[in-house]
Amino acid sequence: MPELPEVETVRLGLQRLLPGRVVTSAVSDTDKSFPNALSDIQVFLVGASVVTVARRAKVLLIELSSKYSLVVHLKMTGQLVFVGTEERFGAGHPNDSLVGHLPDRSTRVTLEFADGSHLYFNDQRKFGWMRLLPTAEVPMLDFFQKVGPEPLSSDFSWRDLQARLLRRKNTNIKAALLDQTVVAGIGNIYADESLWGAKIHPTTIVRDITESQFKALYEALTAVLRLSIAKGGSTDKNYVNAEGKRGSYLDFASVFRREGLPCPRCGTIIIKSRVAGRGTHTCPHCQPLSK
DNA sequence: CACTTGACCTGTCCGC
DNA sequence: TGCGGACAGGTCAAGT
């Protein structure tokens, strides 16, 4: 569920909250969530300070003064929530908070900082992970070797999107968009939203997509990603930002989780189907089946 | 090699 | 009310 806009929203929050803080302890409840040896954690994490927080694709990179980085993938239900000292014994996060008092039963890793503040890695389904790695080795990870370009980078054009997607020319466009080696950061929400924006049916085979459709898809994709970042991402069930708060993009979504409701463009009822093994939302009028 | 499907997990919801 | 099963969907391994 955390896709590019959600992970970027978490990054923006952590970049505001973490740099300069010194880690004083790190506790993990499962090897699966944080598989590093305790000795490495003691040497390269405890005592180090946070330098900066970066992102590549859906992966967060918390760079440390020890020349190591915490590499974090939230997968489906992961959260990274910072709790400052002023909130420590209060009623938790106010307003649009989705988390109660932390740690809770989904907390997998707890980092404590020198001033008594905490960073909690919560993950209900345990798909996500956090790993401590020398910063110089991060780009060598298999995932980073294979992952595609950032869709919002200034040198990524509609021609680039077209060329990357055509690497999967015999599959359907939704599967191609979800393939992280084609373009980084797109998941189920923004695949559906951008295909609706470009008026392309998700089962359309990539080789059958026209130039003007590729161009429209590029415009729609970059627009929905930017809008979602501006709205703090999408909260469906679990996603929260670094302060434990929801994102509001789904209030602006056109098709995702809107089956049975009218298409914002033409009023036709939106339907849900299954494409590429994923729940898929389309407007039958705006996104006709090709061939 | 290209492509599709299943596994990994747990909480929630739906039908009986 | 309880219970089984379907579903959620990011990524990798296994299967076709």
Side-chain angles (χ1 to χ4, degrees), chain A residues 1-11 28-35 55-61 71-80 98-100 103-109 121-131 141-148 150-151 163-195 202-208 225 228 233-240 246-247 249-250 253 255-260 271-282:
Chain A
M1 252 176 277
E3 307 179 26
L4 189 155
E6 289 73 31
V7 180
E8 178 63 13
T9 301
V10 173
R11 186 197 72 79
S28 171
D29 81 334
T30 64
D31 288 347
K32 185 171 163 56
S33 298
F34 193 7
R55 177 191 62 77
R56 176 76 171 97
K58 299 173 189 172
V59 178
L60 280 162
L61 304 165
V71 184
V72 186
H73 201 308
L74 301 174
K75 290 288 180 83
M76 316 273 282
T77 56
Q79 307 173 331
L80 275 178
L98 201 59
V99 296
D104 63 22
R105 82 183 136 160
S106 76
T107 301
R108 309 300 170 199
V109 183
F121 175 41
N122 303 327
D123 186 18
Q124 181 180 100
R125 289 170 70 179
K126 301 181 186 175
F127 285 4
W129 45 261
M130 170 182 282
R131 277 202 282 168
L141 285 174
D142 198 43
F143 177 85
F144 287 110
Q145 290 288 312
K146 293 192 295 191
V147 72
E150 290 290 326
R164 303 286 306 182
L165 286 169
L166 283 170
R167 291 154 58 111
R168 300 288 309 272
K169 60 185 163 70
N170 294 318
T171 192
N172 64 70
I173 183 63
K174 176 145 182 179
L177 281 172
L178 293 174
D179 183 343
Q180 300 300 295
T181 70
V182 171
V183 183
I186 304 168
N188 206 36
I189 298 172
Y190 304 104
D192 281 6
E193 290 290 295
S194 59
L195 287 169
T203 61
T204 309
I205 303 301
V206 174
R207 85 170 93 76
D208 294 332
L225 293 176
S228 184
S234 298
T235 294
D236 186 13
K237 291 191 173 63
N238 287 270
Y239 167 74
V240 293
R246 303 165 170 274
Y249 173 80
L250 287 188
V255 287
F256 191 81
R257 286 293 145 78
R258 286 179 48 81
E259 61 268 30
I271 59 171
K272 184 173 181 180
S273 61
R274 202 149 190 88
V275 180
R278 297 287 177 264
T280 298
H281 311 75
T282 49

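Owing to the predicted nature of the structure, the values given are computational and were not obtained by experimental measurement. So you know, we letter chains A, B, ... as the sequences are listed, proteins then strands, and number each from 1.
In this structure, K58(A) places its NZ atom 11 Å from P of dG9(C), rounding to the nearest Å. With rounding to whole Å, Q145(A) atom CD is found 17 Å from dC12(C) atom C1'. Nucleotide dT10(B) holds its C1' atom 11 Å from the CE atom of M76(A), rounded to whole Å. Rounded to a whole Å, the CD1 atom of I189(A) is 13 Å from the P atom of dA8(C). Nucleotide dT11(C) holds its P atom 9 Å from the CG atom of L178(A), rounded to whole Å. Atom CG of D123(A) is separated from atom C1' of dT11(C) by 13 Å (rounded to the nearest Å). Computed from coordinates, the R207(A) CZ to dA2(B) P distance equals 14 Å when rounded to whole Å. Taking atom OH of Y239(A) as the reference point, atom P of dG9(C) lies 17 Å away to the nearest angstrom.
Y239(A) and E3(A) share no donor-acceptor pair across their side chains, judged by distance under 3.5 Å alone.
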Output one line per pair: protein atom, nucleotide atom from nucleotides 4-7 of chain C, and distance, for all N/O pairs under 3.5 Å.
none

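Taking the P atom of each, dC13(B) and dG9(C) are spaced 15 Å apart, rounded to whole Å. Between dA14(C) and dC9(B), the distance separating the two P atoms is 15 Å to the nearest Å.
With sequence neighbours left out, K58(A) forms a salt bridge (Lys or Arg N to Asp or Glu O under 4.0 Å) with no residue at all. Under the side chain to side chain contact (heavy atoms under 4.5 Å, CB included) criterion, K32(A) pairs with T30(A), K126(A), not counting sequence neighbours. Residues that satisfy the side chain to side chain contact (heavy atoms under 4.5 Å, CB included) test with T77(A), not counting sequence neighbours, are D123(A), Q124(A), R125(A), N238(A).
Counting non-hydrogen atoms under 4.0 angstrom, R108(A) reaches nothing in the nucleic acid. Across all strands shown, K237(A) has no heavy atoms under 4.0 Å from either base or sugar-phosphate atoms.
Between R207(A) and N170(A) the shortest side-chain heavy-atom distance falls below 4.5 Å.
Nearest nucleotide to the side chain of Q124(A), out of dG11(B), dT11(C), dG9(C): dG11(B).
Put simply, H73(A) has a side-chain N or O that comes within less than 4.0 Å of OP1 or OP2 on dT11(C).
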query = Which letters describe nucleotides 3-8 of chain B, given B = protein heavy atom under 4.0 Å from base, S = only from sugar-phosphate, - = neither?
reply = SS---B

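Separation of the Y190(A) and Y249(A) ring centroids falls under the 6.0 Å cut-off.
Interatomic distance, CD1 of I186(A) versus CG of D179(A), reported as 10.0 Å (0.5 Å rounding). Atoms OG1 and NZ, on T181(A) and K146(A) in that order, are 8.0 Å from each other to the nearest 0.5 Å. Considering NZ of K237(A) and CE of M76(A), their distance stands at 10.0 Å, rounded to 0.5 Å.
E193(A) places a side-chain N or O within 3.5 Å of a backbone atom of F256(A) that can act as its donor or acceptor partner. Between the side chain of T107(A) and the backbone N or O of D104(A) there is at least one donor-acceptor pair closer than 3.5 Å. The main-chain N or O of H281(A) is found under 3.5 Å from a side-chain atom of D192(A) such that the two form a donor-acceptor pair.
Helical stems in DNA chain C, defined as runs of 3 or more consecutive Watson-Crick or G-U wobble pairs with both donor-acceptor distances under 3.5 Å, are listed by first residue as B:2-8 with C:10-16, B:10-16 with C:2-8.
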